[in-house]
Trainee: 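Take a look at this one; I'll ask things after.
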2 protein chains.
Amino acid sequence: MRICIIGCGAIGSLYAAHLGQLEDVEVWAYDLDQAHVDAINEHGLRLTGLSDITAPVNARTDPTRIPPCEFGIIATKTMYTRSAIEATANLFQDGAVCSVQNGVGNEEILAEYVPRVILGTIFPAGHIVEPGVVSQDAGGKTWIGPFPPRPATMEEVRRLADALNRSGMECIAMEDARGAQWTKLIFNAASNAMGALTRLPHGVACDHPDVRRLMSGIVAEGKAVAEALGITLDSDPEDLLDYGREKAYYHPPSMLQDVLARRKTEIDALNGAIARLGREVGVPCPLNEACTALIKGLEHSWEVEIPGQQDAHADRP
Amino acid sequence: MRICIIGCGAIGSLYAAHLGQLEDVEVWAYDLDQAHVDAINEHGLRLTGLSDITAPVNARTDPTRIPPCEFGIIATKTMYTRSAIEATANLFQDGAVCSVQNGVGNEEILAEYVPRVILGTIFPAGHIVEPGVVSQDAGGKTWIGPFPPRPATMEEVRRLADALNRSGMECIAMEDARGAQWTKLIFNAASNAMGALTRLPHGVACDHPDVRRLMSGIVAEGKAVAEALGITLDSDPEDLLDYGREKAYYHPPSMLQDVLARRKTEIDALNGAIARLGREVGVPCPLNEACTALIKGLEHSWEVEIPGQQDAHADRP
């Protein structure tokens, strides 16, 4: 079986390295970071932290140098979904591509480019330590299922799940994985937006009564949209918030990390997507709208030039 | 006429220096900044920027060294209203105290301590240049009127307005000044909260479609609360937003300045007050609630200590 990881960063590397251990799987990776790609090809891809693996992976910055694959696993940040699949769609003329990205909206884009799509939701997390080395910071399951209107077959979904399970990444194949996706989406919308706007670690944000009330408002809107879309959540996102508080009290949500580093965030695939789908099904989402506007304004502030001032919006006075 | 300025900072100094020019007015000032107080007593209080005035003012850090006054003008930040009037109430046993502070809720506190209260709303702005020197950055009117249930008489309101007008501070005495107060409150709630959360200057925020839509949502909630309270606005706060965009495109709203300097903000007297009064009169204010929660969370982030990290939430990575 030949699999291509599209975007072999912190998340993609977890999948690439685990799968690279299997004798019956040939792992390729498409990534634009030349130093990372070179290190992977020279020394193998190494995982540290919760994992201790070094596995062979064929990494390329040029997708024309990658052979056709049966499966793709796309793990880019959501704002790069289109450019990444545009560059690699040729590899999957008879393949299925699975998104393990945040939020919703990625599978819709994949479906424009490849014949069969798999919807995925994941809990594992990591960060790049140095080129060729990624630390696995969290474990957890991966849920995958066919994505209509261009669904992969259940047989394909089960084959991918089987490979992941054998590699040590726990994966559950489902007929309808949207419940898992929306449970995590709603959790993420509450946790990430609050972290990014208040700059509080997840657990501290949960313990601030006003902030927690706002999180719950964001969750309530998300649940109402899911219900209107006919999606049954896997579990209550409120419980995930509490679970995260328990397990990762001082964890800065990824969107907070993005904001502190002045990187574009994934707001469009999270609160922005809930608000957009809410409009489509007639469910008002004022709080998700507000968070989206605030994060977009914040992103805009990094580009504003104030006449006569070099960096008027440096965050420290 | 003896007047005591309570809190002789950027705003209080504008009133103190203007009034200090009048022969029939003796100006006292209570302020806790010893260097500022000493400079004022030694060299007079000086205004630069839009004004060019140096006037005699009797400044004290110890309120027991100030004689009884007919009028007080309180100009502290709103979170210090109670401590400031507690320290100085004795001076006004037969006096009237006028608030020229932001937001609503200050007059209610004054009414617990002094026999007669004047509600004020102002447009002038300034900043402290050095001890004893304040730059006047904006002119504009001051609107004052009796504050029930402990109203000053209209005769008193007119006397204070007359002194201010003669001093060069344009002042309008009104039977009911709440319309002016709420117009500015609603404008401030939209402009300040957006600036502080997105870190955009006022005009840039107004030109960002998503952010402006959120501002308009905050304004709409404020108007609904004002209407439920029987208050007729002076003008449309939306027009004030546009006027501010025109006149001060790159102005960082004061709450943004507070956030960048990690100073406690006046959110409780602005969006927090709209939300609280909204609850009292049964008008839902989800957007003002959300902004209040986010700013309070942000304030909290400056106090959070992350184990093992010296300053995990330094705003620059």
Side-chain angles (χ1 to χ4, degrees), chain A residues 193-201 203-205 207-215 217-218 221 249-252 256-263 267 272 275 284 286-309 312-317, chain B residues 193-201 203-205 207-215 217-218 221 249-252 256-263 267 272 275 284 286-309 312-317:
Chain A
M194 283 310 91
L197 291 166
T198 65
R199 310 199 175 205
L200 291 171
V204 182
D207 282 350
H208 190 292
D210 296 340
V211 175
R212 178 63 193 249
R213 199 176 306 117
L214 181 48
M215 282 185 183
I218 291 168
E221 290 179 1
Y249 194 82
Y250 287 109
H251 175 67
L256 170 54
Q257 297 177 44
D258 291 339
V259 162
L260 293 178
R262 299 186 168 200
R263 279 190 302 261
I267 192 75
L287 300 178
N288 281 284
E289 294 269 13
C291 290
T292 306
L294 291 170
I295 293 288
K296 284 183 167 290
L298 194 52
E299 290 176 352
H300 184 48
S301 77
W302 306 327
E303 295 156 7
V304 175
E305 282 179 31
I306 315 280
Q309 288 184 254
H313 291 274
D315 287 345
R316 301 300 291 268
Chain B
M194 283 309 91
L197 289 167
T198 65
R199 310 201 173 202
L200 291 171
V204 182
D207 282 351
H208 190 292
D210 297 339
V211 175
R212 179 60 192 251
R213 199 175 307 118
L214 181 49
M215 282 185 182
I218 291 168
E221 291 178 1
Y249 193 81
Y250 287 109
H251 174 68
L256 170 54
Q257 298 177 45
D258 290 339
V259 162
L260 293 178
R262 300 187 169 201
R263 279 191 301 260
I267 191 75
L287 300 178
N288 281 285
E289 295 268 13
C291 290
T292 306
L294 291 171
I295 293 289
K296 285 184 166 288
L298 195 52
E299 290 176 351
H300 184 49
S301 76
W302 307 326
E303 295 156 7
V304 174
E305 283 179 32
I306 315 280
Q309 287 182 258
H313 291 273
D315 285 345
R316 301 301 290 269

Trainee: Is the closest side-chain heavy-atom distance between M194(B) and L294(A) below 4.5 Å?
Mentor: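 Yes, close enough: below the 4.5 Å cut-off.
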Trainee: Please identify, among I295(A), L298(A), L287(A), the residue contributing the most non-hydrogen atom pairs under 4.5 Å to chain B.
Mentor: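 Top option by heavy-atom pairs under 4.5 Å: L298(A).
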Trainee: Any idea which heavy atoms bring P201(A) and I306(B) closest together, and the distance?
Mentor: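 Heavy atoms of P201(A) and I306(B) come nearest at CG-CD1, 3.5 Å.
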Trainee: Check whether L214(A) gets within reach of chain B through its side chain, its backbone, both or neither, counting any heavy atom under 4.5 Å.
Mentor: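 For L214(A), side-chain heavy atoms alone lie under 4.5 Å from chain B.
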Trainee: Any side-chain heavy-atom pair from T198(B) and H300(A) closer than 4.5 angstrom?
Mentor: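 Not in contact.
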Trainee: Looking at V304(A) and L200(B), what are the two nearest heavy atoms and their distance?
Mentor: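 The pair with the smallest heavy-atom distance is CG2-CD2, 3.8 Å.
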Trainee: Distance from D210(B) atom CG to T292(A) atom OG1, nearest 0.5 Å?
Mentor: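 Answer rounded to 0.5 Å: 8.0 Å.
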Trainee: Under a 4.5 Å heavy-atom cut-off, does chain B meet the side chain of A290(A), its backbone, both or neither?
Mentor: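 It is both, since atoms from each part get that close.
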Trainee: I need the minimum non-hydrogen distance between S301(A) and R199(B), along with the two atoms involved.
Mentor: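 The answer is CB-O, 3.7 Å.
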